[in-house]
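Before anything else, here's the structure in question.
Computed from a prediction, not measured in an experiment: that's the story for all the values here. Order of the sequence lines sets the chain letters (A, B, ...), proteins ahead of strands, with each chain counted from 1.
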There are 2 protein chains.
Amino acid sequence: MEIKSRLWVEEQGKPFIGYGRIKLLKTVARTRSISAAAKELNMSYKKAWNLLNQINKLAKEPVLIKNIGGKNGGGTEVTPYGKGLISKFEQLNTTCIHFLEKEFKKIGL
Amino acid sequence: MEIKSRLWVEEQGKPFIGYGRIKLLKTVARTRSISAAAKELNMSYKKAWNLLNQINKLAKEPVLIKNIGGKNGGGTEVTPYGKGLISKFEQLNTTCIHFLEKEFKKIGL
DNA sequence: TGTCGTTATATTTGTTAGGGTATAACGCTT
DNA sequence: AAGCGTTATACCCTAACAAATATAACGACA
């Protein structure tokens, strides 16, 4: 019997970032490539691109810098703002989990 | 820009209760009928029955008392244990939402 | 200038959760 | 005994979602 949670942030009623998108962003930041990240997460390139596109459309500041063509065919960088999103969301998520487990034990069930 | 959350409780890795199931349970408790609750929630009877069946299979104590046939064709009662589940889950949910909104403002984004 | 691996996008194919429908059992009520 | 509205369950089918495939543009580099 365990408590589970899922957090996400919405902008204009549309999902902006959540658990899955943050995991994807982190992998893109490390691999510097959307396609490599998608492969690593066993996700189709299209799905990864769609998710990142949603983030891009809703973000107030740029999250990704994409390069088409060039060395290694191009690649994608995550901006400092994007990396801030990652760390802030992960912090919020872990504090929430701790809070919930404490409360769950208190309430019982 | 707003924070959202979804909580649920798992038993043996399977979903036991969550937002949707609690809403269904509440409606069953009020209407004393699975079919009436399903109709009110714009959900097929089959789906409602499946959800309640999952709860039943995982619960340690009875959650529902179902009557087939009889006055008005029968009906379904939610046990005190089931009502306890409802109130405890809702309490956990609201405290979590308050906590998250406070933390969200603190962290910004 | 041709090759390469990437981003970007459309189109087609597959999968699966849920909807629709049908049917049976049940036990008060009349 | 018949009728009613409920729970319970099987079967088919479809409609939304994800996967697979195909193709184009791009720019460094050899």
Q.
Under 3.5 Å, is there any donor-acceptor pair linking the side chain of Lys46(B) to the base of dG20(C)?
A.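 Per atom types, the contact qualifies.
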Q) Quick one: on DNA chain D, does Lys39(B) or Trp49(B) contact a more 5' nucleotide (nearest heavy atom)? A)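 Counting from the 5' end, the first nearest nucleotide belongs to Lys39(B).
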Q. Can you check the Asn72(A) CG to dT7(C) P distance for me, whole Å?
A.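 Atom CG in Asn72(A) sits about 11 Å away from atom P in dT7(C).
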Q) Same cluster for Leu85(A) and Trp8(A) if Ile/Leu/Val/Met/Phe/Trp/Tyr side chains link at under 4.5 Å? A) no
Q: Compare side-chain N and O positions of Thr76(B) against OP1 and OP2 of dT7(D) and report whether any pair is under 4.0 Å apart.
A: yes
Q. Nearest-Å distance, CG (Leu52(A)) to P (dT6(C))?
A.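 The answer, rounded to whole Å, is 15 Å.
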Q | From dT9(C), dT7(D), dG19(C), nucleotide with atom closest to Lys47(B) side chain | A |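 The answer is dG19(C), which lies nearest to the side chain.
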Q: Let me know the distance between CD1 of Ile65(B) and C1' of dT6(D), rounded to the nearest Å.
A: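 Ile65(B) atom CD1 is separated from dT6(D) atom C1' by 16 Å.
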**Q.** Electrostatic pair Glu77(B)-Lys66(B), nearest N-O below 4.0 angstrom
**A.**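 Lys66(B) and Glu77(B): not salt-bridged.
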Q: Return no unless some side-chain N or O of Lys71(B) is found under 4.0 Å from OP1 or OP2 of dG5(D).
A: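 Lys71(B) to dG5(D) OP1/OP2: no side-chain N or O under 4.0 Å.
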Q) What's the closest nucleotide to the Ile68(B) side chain, out of dT6(C), dT7(D), dT9(C)? A)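 Out of dT6(C), dT7(D), dT9(C), the nucleotide with an atom closest to Ile68(B)'s side chain is dT7(D).
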Q. Which whole-number value in Å describes the distance from Leu41(A) CG to dA19(D) P?
A. 12 Å
Q. What's the closest nucleotide to the Lys66(B) side chain, out of dC26(D), dA8(D), dA19(D)?
A. dA8(D)
**Q.** Hydrophobic cluster membership, Tyr81(A) vs Ile17(A), 4.5 Å side-chain cutoff
**A.**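 Yes, Tyr81(A) connects to Ile17(A) through the hydrophobic network.
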Q: Compare the minimum distances between each of dG20(C), dT6(C), dT7(D) and the side chain of Ser35(A), then state the nucleotide with the smallest one.
A: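 Ranking dG20(C), dT6(C), dT7(D) by closest atom to the Ser35(A) side chain puts dT6(C) first.
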Q. Is any side-chain N or O of Ser44(A) closer than 4.0 Å to OP1 or OP2 of dA20(D)?
A. no
(Q) Looking at Lys88(A), I want to see if its NZ is surrounded by more than 12 non-hydrogen atoms of other residues, nucleotides or ligands under 6.0 Å. (A)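 Above 12, so yes.
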Q: Taking atom types as modelled, find out whether Thr31(A) and Ser33(A) have a side-chain donor-acceptor pair closer than 3.5 angstrom.
A: no
Q. Looking at dT9(C), dT6(C), dT7(D), which one has an atom nearest to any side-chain atom of Tyr45(A)?
A.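 Closest nucleotide among those given: dT9(C).
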**Q.** For atom CG of Leu51(A) and atom P of dA19(D), their distance in whole Å
**A.** 10 Å
**Q.** Atom pair distance, as rounded to whole Å: CG in Asn50(A) and C1' in dA19(D)
**A.**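 Spelled out: CG on Asn50(A) to C1' on dA19(D) is 12 Å.
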Q. What is the distance from CD of Glu77(A) to P of dT6(C), rounded to the nearest Å?
A.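 To the nearest whole Å, that distance equals 14 Å.
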Q. 5'-most contact on DNA chain D: Gly73(A) or Asn42(A), nearest heavy atom basis?
A. Asn42(A)
Q. Just how far, in rounded Å, is P of dT7(D) from CG of Asn67(B)?
A.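 Value for this atom pair: 9 Å.
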